[in-house]
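What's counted below: heavy atoms across the whole structure, side chains too, no hydrogens, waters or symmetry copies. Here the structure is a predicted model, which means the values were calculated and not measured.
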Amino acid sequence: TNNEGNGILIIGEQLLNITAHHNFMEDFESPVRTIGHIYDGKEVINRHVCDVKERNLTVLNVDYLMMGVGGDDSWGARTHAIYTIPAKNYEYAFRIVPIQKKDDPNKLARVKIQTK
C-alpha cells in the first residue's frame with residue numbers, strides 16, 4: 001500500500017513466495033546468471049549489495065515454489081533431495097485485489113472465488 005493505504009493484495013490459492021523490490025532482478029546479477037545460462041561472449045557481472053541502486057519503480061515477483069541454490073557447504077555439495085523441486089509441470093493460482101485503507105485484508109483473503 002502507499003501512504004494513503006491504497007494498494008493491491010495478492011491472494012494465493014496456496015502458499016506463495018512473494019517479493020517486492022525497487023529494482024529489476026537483473027540489477028542484482030547479470031541476465032546471464034539470472035536465467036541460468038552462460039553464453040559465449042557474455043560477461044557475468046557480480047555485484048555487491050552497495051552496487052545496487054534503488055529505482056523509482058516496484059517490481060513484484062509472485063512465485064509458487066522456490067529452491068535454494070546450494071548444499072551443506074560452498075564446495076559443490078548438492079542440495080538434499082527433500083529440499084529440491086522435482087522437474088514436472090506445476091500450476092498455481094492467485095488473485096490481485098485492489099485495496100483501500102478501510103479494507104480488511106484478512107476478510108478479503110477469505111472470499112472464495114468460483115472456479116470451473
Side-chain angles (χ1 to χ4, degrees):
T1 58
N2 63 13
N3 291 336
E4 289 79 38
N6 299 314
I8 60 173
L9 175 66
I10 307 294
I11 304 166
E13 297 300 314
Q14 62 287 304
L15 290 177
L16 298 172
N17 180 64
I18 300 175
T19 58
H21 300 277
H22 294 294
N23 297 91
F24 296 112
M25 292 310 295
E26 291 81 4
D27 292 345
F28 297 102
E29 56 180 40
S30 66
V32 172
R33 202 180 298 273
T34 301
I35 61 173
H37 301 287
I38 296 176
Y39 297 101
D40 290 337
K42 297 284 185 179
E43 180 182 351
V44 174
I45 301 169
N46 296 307
R47 295 182 180 90
H48 298 289
V49 174
C50 62
D51 297 330
V52 179
K53 305 300 182 213
E54 189 174 290
R55 293 175 182 260
N56 186 25
L57 54 77
T58 303
V59 174
L60 183 69
N61 294 309
V62 181
D63 299 299
Y64 176 38
L65 297 172
M66 295 292 292
M67 185 174 86
V69 296
D72 289 336
D73 58 39
S74 60
W75 302 285
R78 300 289 301 171
T79 304
H80 295 277
I82 62 171
Y83 301 115
T84 62
I85 302 171
K88 66 176 191 174
N89 290 325
Y90 292 91
E91 291 184 10
Y92 66 104
F94 61 91
R95 293 178 280 153
I96 303 175
V97 179
I99 61 170
Q100 298 175 341
K101 188 174 187 174
K102 64 177 177 58
D103 293 328
D104 179 354
N106 291 316
K107 185 177 179 181
L108 289 172
R110 290 187 179 94
V111 173
K112 296 294 181 190
I113 59 171
Q114 285 202 320
T115 58
K116 295 180 186 179

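- Atom CD1 of residue I8 and atom CG of residue N2 lie 11.5 Å apart, to the nearest 0.5 angstrom.
- Applying the salt bridge (charged side-chain N to carboxylate O under 4.0 Å, His left out) definition to pairs two or more places apart or across chains, none involves residues 98-111.
- Legend: residues meeting side chain to side chain contact (heavy atoms under 4.5 Å, CB included) with T1, ordered by chain and number and at least two apart, are I99.
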Identify every side-chain donor-acceptor pair in residues 49-60 under 3.5 Å, counting partners at least two apart or on other chains, and give the distances.
unit_1	atom_1	unit_2	atom_2	d
D51	OD2	H48	N	2.9
K53	NZ	C50	O	3.0
R55	NE	D27	OD1	3.4
R55	NE	D27	OD2	2.6
R55	NH2	D27	OD1	2.9
T58	OG1	H22	ND1	3.3

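- By the side chain to side chain contact (heavy atoms under 4.5 Å, CB included) test, D63 pairs with N17, N61, M66, sequence neighbours left out.
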Would you list the atom pairs, donor with acceptor, under 3.5 Å between side chains in residues 85-98 and any protein atom, with sequence neighbours excluded?
unit_1	atom_1	unit_2	atom_2	d
Y90	OH	P86	O	2.7
Y92	OH	V62	O	3.0
R95	NH1	V111	O	3.1
R95	NH2	V111	O	2.9

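- Hydrophobic cluster membership is shared by L65 and I10, with clusters built from Ile, Leu, Val, Met, Phe, Trp and Tyr side chains linked at under 4.5 angstrom.
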